[in-house]
Amino acid sequence: MSELRVAVLGVGIMGADHVARLTNRISGARVVVVNDFVPEKAEKIAASIPGCRAVTDPLDAIADPDVDAVVLATPGPTHDKQLLACLEHGKPVLCEKPLTTDVESSLEVVKREAELGKRLIQVGFMRRFDEEYMQLKALLDAGEFGRSLVLHCVHRNPAVPPSFDSSMIVKDSLVHEVDVTRFLFDEEIDSIQILKPAVNPGAPDGIQDPQIAVMRTVSGKHVDVELFVTTGVAYEVRTELVGEKGSAFIGLDVGLIRKGASGTWGGTITPGFRERFGRAYDIEFQHWVEAVRHGTTTGDYTGGPTAWDGYAAAAVCAAGVEALETGLPVAVDMVARESIPGA
Ligand code: ISE
């Protein structure tokens, strides 16, 4: 395949970023179609890219014969239908999380893809492409820490959109730590509890922020996560892995450290996830483009997390939302992977 012709569906902040990424930084692909539920937005972006056009209906964009592959940056509730359309038309797709918004439809997507006998869906868990996470994973797999035992995570955002409620902290923010845990440890999570400490007075009314998630993996490893999404300060994502033979820490944001005339010292605050994970998104997209271009020979059009990873994350987050309500540990309800050949 020569240059991959991509349709980007949803050109809000993330989708528009992906259009720019594919156009300016990724080789082997170009954006030929854009779509958004606000048509003017898509038209404006299309007009700025040679050879690109806006298409009003997302399903038409997927079916378009001039489109080889699709990027979904549309709202989560629309993913279900759009992913099934991609499968129906045999179009490889990079889908921003969540895979779908509930466990049942995620499982349905996994099954439908498995029936096709090829992997067309990659889920946008971009942290797997972040250099620090990749380094940590490589050390872990090389046995540098001996048996890994505990993972401590911090996930802080300066602010979140007004639409955020307590369960979104689980489904939209914690979901990344769920994927990081599964990625680093290569095993499923079997229970989750959410503790509710005193609420930040600066958080919008009714939102339980911060939250502390405590998860346990199938082999009994402990994971704790501080989620605090209204700090008003900076974007901070840190992970510490503790093993039998030592520990490692990532996410310190240690760029340039400056000593100031005012008698202070410090560096620059990372304002958001696009700055923190910008490079990871680039690597993620380049891997995806290469995987799709070689997919016809391998039968695998994914260069990273699969539909199964999206389903597993949905299952853990659904248990997390229940745990948020009950305050008790909740067992994760998942089908066995072996029950779906090809998943
Ligand atoms: C957002 O959707 C993301 O995916 C960010 O990575 C995460 O830090 C943030 O909490 C989410 O709202």
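For ligands, and for the atoms within them, numbers begin at 1 and follow the listed sequence.
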Indicate yes or no: does R112 engage E108 in a salt bridge with an N to O separation below 4.0 Å.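 Looking at E108 together with R112, the answer is yes, because their closest N to O distance falls below 4.0 Å.
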If we only consider heavy atoms of V160, is any one of them less than 4.0 Å away from an atom in ligand 1?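 V160 does not count as a contact of ligand 1 under the 4.0 Å cut-off.
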Atom CZ of residue position R25 - does it have more than 12 heavy atoms of other residues, nucleotides or ligands inside 6.0 Å?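 Yes - once you tally the heavy atoms of other residues, nucleotides and ligands closer than 6.0 Å, there are more than 12.
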Ligand 1-proximal atoms of M168, by part, heavy-atom distance under 4.0 Å: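 For M168, no heavy atom sits under 4.0 Å from ligand 1.
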Once you restrict to heavy atoms under 4.0 Å, what part of F164 touches ligand 1? Side chain, backbone, both or neither.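 The answer is the side chain of F164.
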Within the 3.5 Å criterion, strictly below it, is a donor on Q286 or E290 matched to an acceptor on the partner's side chain?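 Yes, because at least one side-chain N or O of Q286 sits under 3.5 Å from a partner of the opposite role on E290.
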Can you say whether the rings of H155 and Y235 are parallel (under 30°), tilted (30 to 60°) or perpendicular (over 60°)?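 The rings of H155 and Y235 stand perpendicular, inter-plane angle above 60°.
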Positive for side chain to side chain donor-acceptor pair (under 3.5 Å) with K97, one of D172, D309, D179: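 Between K97 and the candidates, side chain to side chain donor-acceptor pair (under 3.5 Å) is satisfied uniquely by D172.
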Answer yes or no: is there a donor N or O on one side and an acceptor on the other, between the side chain of S247 and the main chain of V242, under 3.5 Å?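 Not a single qualifying donor-acceptor pair exists.
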Could you check atom 1 (C) of ligand 1 against the protein and tell me its nearest heavy-atom contact, residue, atom and distance included?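 I find the closest protein heavy atom is D172 OD2, 3.6 Å.
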Looking only at protein heavy atoms, which one is nearest to atom 3 (C) of ligand 1, and what is the separation?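 Atom 3 (C) of ligand 1 sits closest to the protein heavy atom H176 NE2, 3.6 Å.
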Given R274, K97, E96, H155, which has its nearest heavy atom closest to atom 7 (C) of ligand 1?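 Of the listed residues, H155 has the closest heavy atom.
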Which of these, F277, F273, Y235, has its nearest heavy atom closest to atom 8 (O) of ligand 1?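 Heavy atom nearest to atom 8 (O) of ligand 1 belongs to Y235.
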I need the atoms of ligand 1 closer than 4.0 Å to a non-hydrogen atom of N157, numbered in the order shown.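 Here the atoms of ligand 1 in question are 8 (O), 9 (C), 10 (O).
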